[in-house]
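A quick write-up on the structure given underneath.
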Amino acid sequence: MERSATSGELANMIKNVIRSSTDDFKQREKAGIARRDTAVRREERHRATFPVEGALRRTPREFTTLDEPGAERLRRLEAGLAVIQKDFPGMETGVDLCRLSCALLEGAWRERAAGPDAPAYDDMCGCALCAHLPEPLPRGLEDYDWRRSDGRPLRVKTWPERKELDSVLTGGWVWTRKMNDSERDLGLRFRHQDDILVLHEYKRVEAAIEVSESARRVRRGLARDRTSNGARALLCGLYAAYKRSVDEYWLDRHVAGTVALPQRTPLDKPSYSLLQLMDCLFWHVSPDEELWQEEHLAALVLCRVLNDMTDVRADAVTGEASNFWLSSMSTHDKALYGACVLALLKYGCLPESHDLRWNSWLMNTTVVWEGLTGRHALWFDGITDGLRTREDCLLCGIEPNACTGLLTEGVALEVGDIPLVEHLGAAAAALSARCRREQPAVWRLFDRELAAFEALHGEWRGNVGSVWEILRRTYIAGVRACLAGGRGARAVQTDSGEVGADLFHTLHRPPACKEDTALLSYMFGCAHPHFLWNAQGYAPSAVAGDWLDG
């Protein structure tokens, strides 16, 4: 098949607009890690470094040229992009990003459908990091009905006061913006701009809203508030609608039997990273001066990896094209990206990681949102049979890292000692005491993880009552399920959605919102036994043809 030049053009465009990390940002990162290393008590272990190549240092793979249905979809997209560019001058880079991302997606789908020409996985790696990859637990299609468009209704309600869009997805955006705006409110998103995105992203939500009335509100809002972020929301809406149309086109052909889609997809590391930028660059709004900074772009790509880590088995069933674990990267590269997620989550627990960049809470709020929605596999696929000992756990020693060079010069992931505070602060000690009294079998592990967290964060001053209620029904319940051989994992996942629905808004409220989010993000993403990392284990299942709900 003839190859396009889309990937190379997109890579060159991104290289030309990326702005290098500032000296201030680098100094804050070093200061936070140095402060952490002064903690009194340590768990000594062998140090190791895992180099992560910058994704755009390698030429991305080119995919097959468009077929006629794809070319027609792209022509319709171009018409919409032309309207945005005419009405909102100065959006050339965003328009080009949307157009090239859609063309890349078309080529990847077409090559995937061709099947035999797609490169095979490279699974031969004996490094210490790949040795920590989990074995898949037995699961069936019925275990993922929570992920299907025709499954049970979404139960977690994050906007009870707004009837028109009562969705999990909007709640995640709003939570992140509230955290970022708690010190300096930039007013970066009007309500009609969220409406644009959710209308295209959720299939089921259309049954619960008045679509025409929401469309009128969007038009009125755009006419009144003609901002660059409004234009970005329109671009994302076009991309979401486009992705939905091309996904459904190929999955419908798969179901009809005219093509046979394999589970794996032909995306390599550079093309995966490029495609994910459009998937999240304008959803997670940042100020114009930060939009193309390399630390911001790295965080966006790794937030998508975070989502893919917890969604991989569902994506394998539903046919998602852009999940990193289903892509044609080596297993080692996938493990490195997963380790980068843990390193960035730890970095987000450092107070020094915030203030300089507006979007600095993105990764931490994302993992907490996933752990409290009941629609991700954190407390289900992440629960294994039994606990690996801490002494043998490489993941516990991953050092905090902003992963700034993920797209450019690369990242050096460090694994080493685990600093622990000698004495817990008052609030953390109260959490530990609650655990010792109510869940003694889990207490020693929980107390040690609190000591590791306070070495990262400093003394925790959060809301003991609400955080204990959440941890009791998520992290603590997950550990108990591990100790029971994995039994009850699905019940933990379901209950996480219930506690999330009850306490989601509590987590937004000052003064404890940042304290609570930091601790929960550590316990959900970094704490032993690493439910997040464990969620990467999946067993292949046939593509069922159901499209994604976001």
Sorted by chain and residue number, the salt bridge (Lys or Arg N to Asp or Glu O under 4.0 Å) partners of D417 (sequence neighbours excluded) come out as R42
Kindly give the heavy-atom pair with the smallest separation between L420 and R448, and that separation in Å.
CD2-O, 3.8 Å
With rounding to the nearest 0.5 Å, note down the distance linking CG in L344 to OH in Y347.
8.5 Å
Side-chain touch E399/R47, heavy atoms, less than 4.5 angstrom:
yes
E352 with R35: basic N within carboxylate O range, under 4.0 Å:
yes
Decide yes or no for L424 and E459: does some side-chain heavy atom of the first lie under 4.5 Å from some side-chain heavy atom of the second?
no
Any chance you could measure D268, atom CG, to D333, atom CG, to the nearest 0.5 Å?
9.5 Å
Would you check, one step at a time, whether the test side-chain contact (heavy atoms from CB on, under 4.5 Å) holds for S273 with R304?
CA-CA 9 Å; S273 299; R304 291 302 308 168; over 6 Å; no
Check salt bridge (Lys or Arg N to Asp or Glu O under 4.0 Å) between R509 and all other residues, then give those that pass, not counting sequence neighbours.
none
Keeping the roles fixed (side chain from D381, backbone from A377), state whether a donor-acceptor pair exists under 3.5 Å.
no
Within the distance-only criterion (no hydrogens, no angle test), does the side chain of Q493 pair as donor or acceptor with the backbone N or O of H376 below 3.5 angstrom?
yes
What are the two closest non-hydrogen atoms of A412 and T49, and how far apart are they?
CB-CG2, 4.2 Å
Output the distance between atom CD1 (I470) and atom CD1 (I476), rounded to the nearest 0.5 Å.
12.5 Å
Looking at A343 and L413, what are the two nearest heavy atoms and their distance?
CB-CD2, 3.7 Å
For Y272, run the side-chain hydrogen bond (donor to acceptor under 3.5 Å, both in side chains) check against T265, N323, D308 and tell me which one passes.
D308
Minimum side-chain heavy-atom gap N359-H284 below 4.5 Å:
yes
For A128, the side-chain contact (heavy atoms from CB on, under 4.5 Å) test, sequence neighbours excluded, returns F50, L394
Quick check for you: to the nearest 0.5 Å, what is the distance between L378 atom CG and I383 atom CD1?
9.0 Å
For the residue pair S360 and S353, confirm or rule out a side-chain donor-acceptor distance under 3.5 Å.
no
How long is the straight-line distance from OG1 of T517 back to NZ of K178, given to the nearest 0.5 Å?
12.0 Å
Between M179 and C513, is a side-chain contact (heavy atoms from CB on, under 4.5 Å) present by the stated rule, with each step listed?
CA-CA 7 Å; M179 292 285 287; C513 56; 4.0 Å; yes
Excluding sequence neighbours, so at least two apart, what forms salt bridge (Lys or Arg N to Asp or Glu O under 4.0 Å) with D447?
none
Partner set under ring pair (Phe, Tyr, Trp, His ring centres under 6.0 Å) for W533, not counting sequence neighbours
none
Any side-chain to backbone donor/acceptor pair from S432 onto A428? Under 3.5 Å, distance only.
no
Can the ring centres of F524 and W379 be said to be less than 6.0 Å apart?
yes
The reported gap from CG in D279 to SG in C236 (rounded to nearest 0.5 angstrom) is 8.5 Å
Which residues share a salt bridge (Lys or Arg N to Asp or Glu O under 4.0 Å) with R434, sequence neighbours left out
E438
I398 versus L395: any side-chain heavy-atom pair under 4.5 Å?
yes
Could you pull out all residues at least two apart from D143 that satisfy side-chain contact (heavy atoms from CB on, under 4.5 Å)?
R139, F380, R490
Pair F446, M523 - check side-chain contact (heavy atoms from CB on, under 4.5 Å), show working.
CA-CA 9 Å; F446 183 61; M523 301 305 295; 3.6 Å; yes
Pairing residues for P529 by the side-chain contact (heavy atoms from CB on, under 4.5 Å) criterion, not counting sequence neighbours:
L387, L445, Y475, V479, C482, F531
Verify side-chain contact (heavy atoms from CB on, under 4.5 Å) between K334 and Q536, making sure each step is shown before the conclusion.
CA-CA 10 Å; K334 294 169 185 174; Q536 290 184 106; 5.5 Å; no
Quick one: side-chain hydrogen bond (donor to acceptor under 3.5 Å, both in side chains) partners of D23, sequence neighbours excluded?
none
Ion pair present between K26 and E29, side-chain N to carboxylate O less than 4.0 angstrom?
no
Qualifying residues under ring pair (Phe, Tyr, Trp, His ring centres under 6.0 Å), relative to Y522, sequence neighbours excluded:
F453
Does the side chain of L372 come within less than 4.5 Å of L507's, by heavy atoms?
yes
Give a yes or no on whether the backbone of G405 and the side-chain of E294 come within a donor-acceptor separation of less than 3.5 Å.
no
E469 to L503 - nearest heavy-atom pair and separation
CG-CD1, 4.0 Å
Distance-only, no hydrogens or angles: does the R487 side chain make a donor-acceptor pair with backbone N or O of A484 under 3.5 Å?
yes
Taking the side chain as everything from C-beta on, heavy atoms only, tell me whether N401 gets closer than 4.5 Å to E414.
no
Determine the minimum heavy-atom distance between C403 and L302, stating which atoms define it.
CB-CD1, 3.7 Å
Do E409 side-chain atoms and G54 backbone N/O form a donor-acceptor pair below 3.5 Å?
no
Is the closest side-chain heavy-atom distance between H457 and L519 below 4.5 Å?
no
Any donor-acceptor pair under 3.5 Å from D516 side chain to N463 backbone:
yes
With the side chain counted from C-beta on, respond yes when R28 and D355 share a heavy-atom pair under 4.5 Å apart, and no when they do not.
yes
Give the C-alpha distance, both sets of side-chain angles, the deciding distance and a yes or no for side-chain hydrogen bond (donor to acceptor under 3.5 Å, both in side chains) between T365 and T176.
CA-CA 6 Å; T365 55; T176 299; 2.7 Å; yes
Sequence-distant partners of L275, side-chain contact (heavy atoms from CB on, under 4.5 Å), two or more places apart
S101, L104, L105, Y239, L267, S322
Treating E449 as the side-chain partner and A527 as the backbone partner, does any N or O pair qualify as donor plus acceptor under 3.5 Å?
no
Taking all heavy atoms of V312 and all of M309, pick out the closest pair and write down the distance.
CG1-O, 3.9 Å
Donor-acceptor contact present, side-chain K269 to main-chain M329, <3.5 Å:
no
R388 meets the side-chain hydrogen bond (donor to acceptor under 3.5 Å, both in side chains) criterion, sequence neighbours left out, with none
Go through H296 and W358 one step at a time and tell me if the ring-ring contact (aromatic ring centres under 6.0 Å, His included) criterion holds.
CA-CA 9 Å; H296 180 226; W358 182 82; 8.9 Å; no
